[in-house]
Engineer: 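Here it is: the structure, laid out below.
Just so it is clear: chains get the letters A, B, ... in the order the sequence lines come, proteins before strands, and each one is counted from 1.
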Number of protein chains: 2
Amino acid sequence: MNPLQAKFARYVELDLQARTQIDGLLRSEGRLVPAGADLIREGEPIHFVKLVIDGWGCRYKLLEDGRRQVVAFLLPGDLCNPDALTAEAMDHSIGALNDMHCALIAPEVFDRACLRSHCLRQAMAFDACAMLGMQREWTLNLAARPALARIGALLCELHYRLAALGLAADGRFATPLTQVTLAEATGMTSVHVNRVVQDLRGRGLLHWHGRHITLPDPDRLAQLSGFSPRYLHMNRFVPGTFAGDPDLAAKSPRVPPRTESKIAGAI
Amino acid sequence: MNPLQAKFARYVELDLQARTQIDGLLRSEGRLVPAGADLIREGEPIHFVKLVIDGWGCRYKLLEDGRRQVVAFLLPGDLCNPDALTAEAMDHSIGALNDMHCALIAPEVFDRACLRSHCLRQAMAFDACAMLGMQREWTLNLAARPALARIGALLCELHYRLAALGLAADGRFATPLTQVTLAEATGMTSVHVNRVVQDLRGRGLLHWHGRHITLPDPDRLAQLSGFSPRYLHMNRFVPGTFAGDPDLAAKSPRVPPRTESKIAGAI
DNA sequence: CGGGGTCTTGACGTGAGTCAATATGCGTGG
DNA sequence: CCACGCATATTGACTCACGTCAAGACCCCG
């Protein structure tokens with residue numbers, strides 16, 4: 001099972017037609033991007049739809065002062081440029097966190113595949129929703145949550161996404177993250193990331209040694225961090241890991257309580 | 001000229017067919033959402049594609065502690081739920097900042113219009129790029145910029161988007177923003193927003209009285225705030241306001257300098 | 001065995017939050 | 001036309017989460 005198919009199957013049930021088209025896409029030319037290198041840079045034209053097959057990447061922007069801000073993580077199965085046919089120049093850069101295998105898909109090929117399968121089109125639409133949802137959630141995290149919750153929520157999201165791909169089990173997953181990268185993503189200093197990480201360790205919510213992370217109690221971490229996976233739109237995925245509790249799925253889609261606004265109902 | 005058409009014309013040249021389809025969409029049932037009310041809430045099903053005709057809205061999420069975080073502003077011509085056919089439940093809420101007129105478009109009608117015009121499809125794709133781009137830029141703002149630049153960049157973006165619609169001239173535009181709303185959007189206290197606003201006033205970069213904002217020197221504010229409109233993808237728009245300088249368009253698409261990474265080229 | 005990237009730790013500085021009081025402006029009803 | 005009342009804006013004093021700086025420790029890899 002390739003990662004794109006694994007992810008898409010979390011959105012909708014894929015029929016044979018869709019799986020065939022996906023397989024077709026996967027047969028595109030491949031590319032190895034070494035750790036630390038860029039897949040594409042801000043301002044460059046977009047020639048291919050790129051798909052992460054293996055390894056992690058990140059979307060980032062450089063600031064005036066040279067710092068870099070990571071605005072998204074790319075995991076296996078993630079599309080780097082679904083908008084190849086539209087946008088003519090990148091408004092951000094994409095870098096590899098570890099050695100990263102990508103498929104380079106000609107935009108026309110990509111488009112044709114979408115035309116040929118309704119399921120695939122649907123899955124792509126879900127994926128776009130999820131990307132926007134993640135970005136919005138990330139905006140909220142940075143704006144509104146204190147350091148501990150911020151890091152906690154990021155770890156929960158990564159864990160959830162990886163679990164959906166079958167790349168995490170029992171709260172454990174391999175990762176190329178460093179505390180510096182985490183700092184670039186959370187808008188904090190690596191020094192402060194370090195202190196927060198130790199705090200999480202102290203609370204028994206995180207084991208992180210080298211290239212492996214374990215979340216011993218994802219539910220508690222999620223609660224502490226205000227993480228709820230709704231924005232990922234993976235309707236067909238309820239992680240076994242997140243609960244011995246079978247009612248989790250039922251409890252989860254709660255609407256946060258709203259202190260009554262002066263004007264009553266929504267439309 | 002309706003605002004949707006005005007915006008889309010900044011992405012691509014609209015042919016007659018596209019303009020006809022857009023006019024068709026605009027004839028949908030309308031709705032008035034009073035200031036402070038919600039258009040739709042997190043968790044609710046999506047029945048319509050909604051288009052802001054007049055007034056301002058915002059996307060927001062509520063936090064555990066009751067604060068609300070604004071993650072995007074919706075201006076005339078903005079689509080609230082282009083994903084109506086895909087996502088079954090909202091992962092955030094949409095509220096009106098002032099009295100807001102919306103068109104409620106049946107998803108099938110929306111879809112049909114897109115099918116019938118290639119231009120329209122293209123414009124929609126651009127708009128999706130822009131929405132993602134804005135969200136990423138906003139992520140970066142919150143994570144990496146100090147309060148003054150954060151507010152500056154937001155004001156620049158709003159000004160740019162409004163100017164593209166013809167709703168700002170000479171740096172001046174009408175707005176329902178309050179310092180509280182601005183605080184909810186920038187992840188700051190309204191107290192601190194106030195101090196920053198006064199700082200901006202003191203520097204002669206902002207006039208803000210009641211429901212009108214003027215940016216006396218948008219270029220300088222943009223530079224101070226690190227704002228560059230690339231991420232808005234409005235290729236066919238170079239604001240007169242942003243420059244007596246006709247070379248601005250040529251200068252603008254710069255790639256920020258990159259301190260040489262250990263591993264050389266991008267692909 | 002050495003070296004660079006990574007992680008830790010401590011002392012100290014500061015931007016932004018908190019709390020709380022006061023002003024200002026505006027829409028409404030008298 | 002004026003008075004009241006609420007939303008919004010402003011101010012000052014004090015606190016604190018997180019940044020800065022700098023030194024060391026660790027650890028994997030060649």
Engineer: For C:dG5, take OP1 and OP2 only and decide whether either is under 4.0 Å from a side-chain N or O of A:Q179.
Structural biologist: no
Engineer: Over how many whole Å does the gap from B:E184 atom CD to D:dA7 atom P extend?
Structural biologist: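 After rounding, the reported distance stands at 14 Å.
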Engineer: May I have the distance from A:H192 (atom NE2) to D:dA22 (atom P), rounded to whole angstrom?
Structural biologist: 20 Å
Engineer: Please report the distance, rounded to the nearest Å, between CE in B:M188 and P in D:dT10.
Structural biologist: 13 Å
Engineer: Hey, could you give me the CG/SG distance between A:L74 and A:C80, rounded to the nearest 0.5 Å?
Structural biologist: 5.0 Å
Engineer: CG of B:L97 versus P of D:dA7: gap in Å, rounded?
Structural biologist: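 After rounding, the reported distance stands at 17 Å.
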Engineer: Among residues 195-211 of chain B, which ones have heavy-atom contacts with DNA chain C below 4.0 Å?
Structural biologist: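 Listed by number, they are B:R195.
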Engineer: What's the closest nucleotide to the side chain of B:T178 if the choices are C:dG17, C:dC7, D:dA9?
Structural biologist: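 Among C:dG17, C:dC7, D:dA9, the one nearest the side chain of B:T178 is D:dA9.
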Engineer: In whole angstroms, how far is the P atom of D:dT8 from the CG atom of B:N98?
Structural biologist: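 B:N98 atom CG is separated from D:dT8 atom P by 12 Å.
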Engineer: CH2 of A:W56 to OG1 of A:T181: how many Å apart, nearest 0.5 Å?
Structural biologist: 10.0 Å
Engineer: B:L142 has an atom CG; how far is it from atom C1' of C:dA16, in whole Å?
Structural biologist: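 After rounding, the reported distance stands at 14 Å.
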Engineer: When you look at B:D170 and B:R172, which way does the salt bridge (Lys or Arg N to Asp or Glu O under 4.0 Å) test go after all the steps?
Structural biologist: CA-CA 5 Å; B:D170 299 326; B:R172 180 178 169 85; over 6 Å; no
Engineer: If you compare every side-chain N and O of A:N194 against the phosphate oxygens of C:dT8 (OP1, OP2), does one of them come in below 4.0 Å?
Structural biologist: yes
Engineer: Apply salt bridge (Lys or Arg N to Asp or Glu O under 4.0 Å) to A:E64 and B:R145, showing your working.
Structural biologist: CA-CA 10 Å; A:E64 305 73 35; B:R145 295 212 229 267; 3.0 Å; yes
Engineer: Indicate yes or no: does B:D199 engage B:R195 in a salt bridge with an N to O separation below 4.0 Å.
Structural biologist: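 Answer for the salt bridge query: no.
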Engineer: Please determine if B:D91 and B:K61 form a salt bridge, counting it only when a charged side-chain N lies under 4.0 Å from a carboxylate O.
Structural biologist: no
